[in-house]
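Inspection log for the structure reproduced underneath, given as C-alpha cells.
Values in this document were obtained by computation on a predicted structure and should not be read as measured data. By convention in this document, chain letters (A, B, ...) are assigned in the order of the sequence lines, proteins followed by strands, and residues within each chain are numbered from 1.
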Amino acid sequence: MAATQQDVQRSETRWAVWVSLFVVIIFGLTVFAALVLHRNPPSNLERIDPRTLHLSGEFTEPNLGTRVEPNGQVTTRIVATQFAFVPPCVVVPADREVTLRLASPDVIHGILVSGTNVNTMVVPGYVSQVHTVFRRMGDLLMPCHEFCGLGHSQMLARVRVVPAEQFRPDAQGRVSCAAS
Amino acid sequence: MLRHRNLVLAHLWLAFAVFAVAAVFGVWQMWVRSPLHAPYENPQNYFLSVTAHGVSMAYVLTTFFVMGFGYFVAETALGREIPAIRWAWAAFVAGAIGALMAALTILSGYASVLYTFYPPLTGSPFFYIGLVLVVAGSWVWCAIMITAMAQWKRANPGRAVPLAMFGTVSNAIMWLWTTAGVAVELLFQVIPAALGWTDTVDVGMSRTLFSWTLHAIVYFWLFPAYIAFYTMAPEAAGGRLYSDTMGRLAFILFLLYSLPVGLHHLFMDPEHSTGFKFVQTTLTALVTVPTLLTVFTIAASFEVAGRLNGGTGLFGWLRALPWHRPMVLATGLAFVMLWFGGGGGLINMSYGMNAMIHNTSSVTAHFHLIFGGTVVIMYFAIAYQIWPQLTGRTADSSDFAWQRRQLWLWGIGMMVMTLPWHWLGLEGQWRRVAHFDYDDPLIAWWGKWVDVSLLGGVILLISALLLIRNLASLHGRRAAEEAPPQPMRYALALHPPAHLPPALNGFALWNALVLVLMVAAYGWPIGQFIVQPSPAAIVHHVDRPG
Amino acid sequence: MDRKWRLRGILGVVAALTVAGLLGFIVLPVVQGSAAGIDAFTAICRAVGILPGSPARPTPPSEAAPEPVTKVAWTAATFEALYRADRASGARLAEERCIACHTLEGNTPDPTIPRNVGQSVFALYKQMQDFRSGARVNETMSPLMKDLDDRQIADLSAYYGRLFRGAIDPAESGRYVGIDIENIVTNGDVARGLPPCAACHQARAGGPIETPTLTGQYAQYLEAQLKAFASGTRHNDIYHRMRSVAAKLSPNEIRMLAIRYAGQ
C-alpha cells in the first residue's frame, strides 16, 4: 500500500475529526454539568483580610463550625491555619445541601473531604466556598492537602455526617461535635 | 563527530547526574511515606527532600537536557555552526552556578518551599536567584536557537526548515513566553520578600503568575520527546515519517494552546472566576489535540516501517518492527505510558472530575507517569541515539542489550509506581505528607499499596543508575576494530515538502496569535490584581529564625 | 497555500475564544443564575470576576458578633511600629517598670517568671498587647501594661528582643530527655493530630509570626503555660493553636517537654 499524499492527508483529516469529536464529548460533559446541574469549580472571589481574620466578624472563633442560618441554609465555617483546622470536628446533616466556607489567616492550605466532591484551596486573602450534599453517613476525613509548612502532615479534621434526626441545632442554630 | 560535542555533553551530563541524585531522594521519600520505617525520617528532612527532588527533576534535568539537545539539533539538522558559541558556554556556566546555588540552599535547609514555591512561605533569596540564573541561561539558549534558524533560512531561501529544528525553535519561543510568568513572580514578589524588602505578598497574584508558567513548562519538557517521535523514531524503525506537515502542525498547536491554559492548575482556587476557568478549560481541550494527532501520525509511521519490514495483516506490522533498537522500544513504552498519563490529563481538565482528585496522589501519579514516564524515557532514548556522535564511540549489540534493559526497567518501574498512586488518590490519599497514620482504620489499607509503589520506585532507581552506567560506558578510547559512529540521520517524510507555506516554516503569525490568546485568557485574571490587589498575606520566612 | 494555513490558524483561535467566551461568560452564568434566582447582569459579572460570589448560588448570609481572643493583627502598621521602635526608650521603660521581675538583662532569677532576653520581638509585642487588652490575664502583668500605648509596647519589645547576652535561642537544640519526647518535638503525633513542636518553635520553621522562642526558657514557666492552655485558662492564642496542642498532651508529656526545652 503506497500511501499517496492525498491518502496521507485524508487519513490524517479523518483521524483529526474522530479525535476532535472525542475531545468535544469529554468537554461537553463539563458543559452539561454546568448547564444542567449548575456545577462550577469553586470560584468565590470573595476577599477577606487574612491579617485581621481573627478580629472581624464571620471567622472569629465563636462563629466557626456548623450553623443553620435563619433562612434554613446549613453553613459550616472553618478556619485553616498552621497547623490545625478550627474547629477540628464539624457536624453536617446527610441528604441536605451544606455550604462550607473556609478562610486562612496565614499560608495556603487546601481541603478535601474523602469520599465526596468537596475539594478546594484555601488561599489567604479569600473566602473559599463549596456546596455539596453528603450522602454517606459517618466520620469522614478532611485533611489539609496543600503544603503549608512542617506541620502539614498532622493537619486533619473530621466531618461527621449524621442523619437528619440526629442533627439538632441549639438556640443559635449551631451544631457541634461535642454536643452530638 | 560533532563540532560542539563538549557543549552538548556538558549539558546532558549535568542533567543526568542531577537526575540520578534526585532519584535517590525520590525513593527515600516513598520509603518515608510507607508504613515501613525509614532512616532520618522527620518533616524537616522530608520537605527538604521534596524540594530537592522537585527542583532537580523539574528545573535542572529538564532545562539542561532541552538546551543540550537543542544545540545538538541546531548543529546536525541545520548542518552548520552554532552561532554565538561563547554565549552558549556562558549560559551553561551561569545556569550551572545557579543550579549549584539552589542546590546548596535547599540541602542546607534554607529553602524547603517545594519546587512550586508557595508564597507566603519564603525561602532564602539565594534559592530563587539561583533559579533565575538557570532561567536566564535558558533565555540565551532561546536566542541562539532562534538566531540559528533565522540564519539558516536566510542562507536557504524558500526551503523547508528541517522539522527537528522547527520543533526546537517552537519550543524556544514557547519557553520565552512561558517563563515570563515565573520571572515576574520571582523578581517582583518573591525575591523582594525573601530579601526582607516587603513583609507581605499578594498570594492571588503570585499563584496566578506561577500558573502562567506552569502549563507550558511541561510542554517545554515534552518537546524533545516529540521531536524524537517525529524525527528519530521513524528512522530507527526503518521507515518514514507519515506526515511532515502534521509534525509542524503539532508543534504550532503546542505553541498556541499550551500557554493560555495555566488557570487549569487553579481550578480549585477561590481567586478566579468561573468564566475564565471555563475559557481556559476550552483552550485546554484544544491542547489535547496535538498529542492525539501525534499518536496517529507516529503509529502510522511505525506501520509504514513495519510493513516495509515484511509485516502483514491488521497487527502483524507491530511484530515486524525492530524492537531491539532502543529508540523503537522507548517509543513503544512511551506510548503505553502516554495512554494512561494522557487519560489522567483529560480527567484533570474536566474540572468536575478534577474535584475528585485535586491535590491527591492521583496528581502525583499523573505527572510522574506522563513526564517521568513518557517524556523522560524518550530523553534516555535520545541520549542513547546521539551519544556515539558525542563521544566518538559506536554502540554494539551488548550496549543495546543493556540500554533495552534500562528502558524496560524504567517503563515497568513507572507503571508499578504510579498505578497504585492513581488508585489511592481516588480513595482520597492527599499529597505532600511526611507521615501517614496507618493505625487509622480509614487509612490502614493504603499501606500495602504504598509499599507496592515504593517497589516501583526502587526499580526506577536501579534503572536510573543503569542509565549512568550505560552512558559512561560509551566514553573512552575507540577500539581499533570499532567502526566510527554514524552521523545523525533524521527521519525523512513519506512525502517531503517541496515548498512550505511561510505559516508552517516560521512563527510570525503564531506569535501574534499567542499574544491575542494570552491577553484574552490572562488579561483580566492578572489585571484584577493590579486594579485591586488581594488582601496581602504575611510572609513566612523559612530561612531565618521567627 | 500559505493563506489557507493562516486563515485556519486565525479562524481556529477566534472560534475557540468566541465559543469559550460566549459559553463561559454569557450562556453558563445566565442559565445558572436564572435557576438560582440571580439576575443575568449579576451572574455575568460574577462569571467574569468583577463581582464576588458564584453565578450559580446566592451568597449565604452571615452575621456574627466579633469576639476576638486578641486585638493584635499583623498589619503593615504593626510591622512599621516594630521596625521604628526606639530601644533606648524601651530601656528606660524597662528600668522603670520591668526591672524588678525581669531584670534589665531579661534574665530573671525566678523560674516562674519568663526570661525575655532575645525573645522574638513579635512574641513580646503580642503578649504585652494582650495583657493590656485583657486577652491574657496575669495579676502582675495586667496592671503594669494598662497605661502603656502601642509605641511604648513596641519600644519595650524591641529592647528585650534585641538583647543577645545569654539569649534564648530557637536554633539551640534543648536537652535530650528521651526518644518519645524528642519524637513529639520533631514528628508530632499524627494519631492525635498533634503537629511537631518544631513545626513552629524552631529556627526556619515558617510558622506563625508571633511564635515565641522556647529553647532556654524556664521549665517551670513553660509547664505552667502549657497547663494553662490545656485547661483554657490562657486563651490568647489565635485560633486555638496552642490550646488544641496542649489539650492533647498528657501531664507527664507537658512536664518533660518543658524540661526538654529549658535546656541545661
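Top candidate by heavy-atom pairs under 4.5 Å with chain A, chosen from B:M353, B:H435, B:R207, is B:R207. Contact tally against chain A (heavy-atom pairs below 4.5 Å) for B:M349, B:R431, B:E427: the top residue is B:R431. No other option in A:L37, A:N40, A:N44, A:I108 has as many heavy-atom pairs under 4.5 Å with chain B as A:I108. Across B:R432, B:H358, B:M356, the residue that shares the most heavy-atom pairs under 4.5 angstrom with chain A is B:H358. When each of B:Y118, B:F267, B:Y46 is checked for heavy-atom pairs under 4.5 Å with chain A, B:Y118 comes out on top. Considering only heavy-atom pairs separated by less than 4.5 Å from chain B, the leading option among A:G149, A:P42, A:P124 is A:P42. Comparing B:V539, B:V295, B:L121 by heavy-atom pairs within less than 4.5 Å of chain A, the highest count is held by B:L121. Among the candidates B:P120, B:A537, B:A300, B:G352, the residue making the largest number of heavy-atom pairs closer than 4.5 Å to chain A is B:P120. Taking A:P41, A:G125, A:P105 one by one and counting their heavy-atom pairs under 4.5 Å with chain B, the maximum is reached by A:P41. Chain B forms the most heavy-atom pairs under 4.5 Å with one residue out of A:L156, A:T120, A:V8, A:V19, and that residue is A:V8.
Both the backbone and the side chain of B:L292 come within contact range of chain A, with heavy atoms under 4.5 Å apart. If you measure heavy-atom distances from A:A33 to chain B, you find no contacts under 4.5 Å at all. For A:L150, the parts sitting under 4.5 Å from any heavy atom of chain B are the backbone and the side chain alike. Of the atoms belonging to A:S104, not a single heavy atom falls under 4.5 Å from chain B. Contacts of B:L293 with chain A are made by both backbone and side-chain atoms, with heavy-atom separations under 4.5 Å. Within the 4.5 angstrom heavy-atom criterion, atoms from both the backbone and the side chain of B:Q528 approach chain A. In this structure, the portion of B:T200 lying under 4.5 Å from any heavy atom of chain A is its side chain and not its backbone. Heavy-atom distances place the side chain of B:D440, and not its backbone, under 4.5 Å from chain A. Proximity to chain A is absent for every atom of B:V542, based on heavy atoms less than 4.5 angstrom apart. With a 4.5 angstrom heavy-atom cutoff, A:Q9 does not touch chain B via any of its atoms. Heavy-atom distances place the backbone of A:V127, and not its side chain, under 4.5 Å from chain B. With a 4.5 angstrom heavy-atom cutoff, B:T281 touches chain A via backbone and side-chain atoms both. Contact annotation for B:I443: only side-chain heavy atoms (C-beta onward) come within less than 4.5 Å of a heavy atom of chain A. In this structure, the portion of B:T288 lying under 4.5 Å from any heavy atom of chain A is its side chain and not its backbone. With a 4.5 angstrom heavy-atom cutoff, B:T297 touches chain A via backbone and side-chain atoms both. Interface remark: A:L102 contributes no atoms to any contact with chain B (heavy atom separation under 4.5 Å). The part of B:P533 that comes within reach of chain A is its backbone (N, CA, C, O), which places non-hydrogen atoms under 4.5 angstrom from that chain.
There is no side-chain donor-acceptor pair under 3.5 Å between B:Q429 and B:T360. Side-chain atoms of A:N63 and A:T60 form no donor-acceptor pair, as typed in the model, at a separation below 3.5 Å.
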Just do the side chain to side chain contact (heavy atoms under 4.5 Å, CB included) check on B:V531 and B:W524 with the steps written out, would you? CA-CA 9 Å; B:V531 166; B:W524 178 243; 4.1 Å; yes
Show your reasoning for whether side-chain hydrogen bond (donor to acceptor under 3.5 Å, both in side chains) applies to B:H264 and B:N354. CA-CA 10 Å; B:H264 70 225; B:N354 185 42; over 6 Å; no
Checking side chain to side chain contact (heavy atoms under 4.5 Å, CB included) for the pair B:T122/B:D543: CA distance, chi angles, key distance, verdict? CA-CA 8 Å; B:T122 310; B:D543 65 326; over 6 Å; no
Passes ring-ring contact (aromatic ring centres under 6.0 Å, His included), A:F27 versus A:F22? Steps please. CA-CA 9 Å; A:F27 177 67; A:F22 175 64; over 10 Å; no
Passes side chain to side chain contact (heavy atoms under 4.5 Å, CB included), A:R101 versus A:E46? Steps please. CA-CA 11 Å; A:R101 285 168 67 79; A:E46 192 182 323; 2.7 Å; yes
Please step through ring-ring contact (aromatic ring centres under 6.0 Å, His included) for the pair B:F436 and B:W446, ending with a clear verdict. CA-CA 10 Å; B:F436 282 109; B:W446 294 352; 5.7 Å; yes
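When atom types are taken as modelled, the side chain of A:H145 and the backbone of A:I111 share a donor-acceptor pair closer than 3.5 angstrom.
Proximity of A:S114 to B:L442: side-chain heavy atoms (C-beta onward) are nowhere separated by under 4.5 Å. For the pair A:T132/A:F134, a side-chain contact is recorded, criterion being any heavy-atom separation below 4.5 Å from C-beta on.
Relative orientation of the A:Y126 and B:F529 rings is perpendicular, given thresholds of 30° and 60° on the angle between their planes. In this pair, A:H152 and B:F47 present their aromatic rings perpendicular. The plane angle is above 60°, beyond the 30 to 60° band.
Looking at B:E271 and A:R47, no side-chain N of the basic residue comes within less than 4.0 Å of a carboxylate O on the acidic one, giving no salt bridge. Taking 4.0 Å as the cut-off between side-chain N and carboxylate O, A:R158 and A:D139 do not count as a salt-bridged pair. A:E69 and A:R77 are joined by a salt bridge, as a carboxylate oxygen and a charged side-chain nitrogen come within less than 4.0 angstrom of each other.
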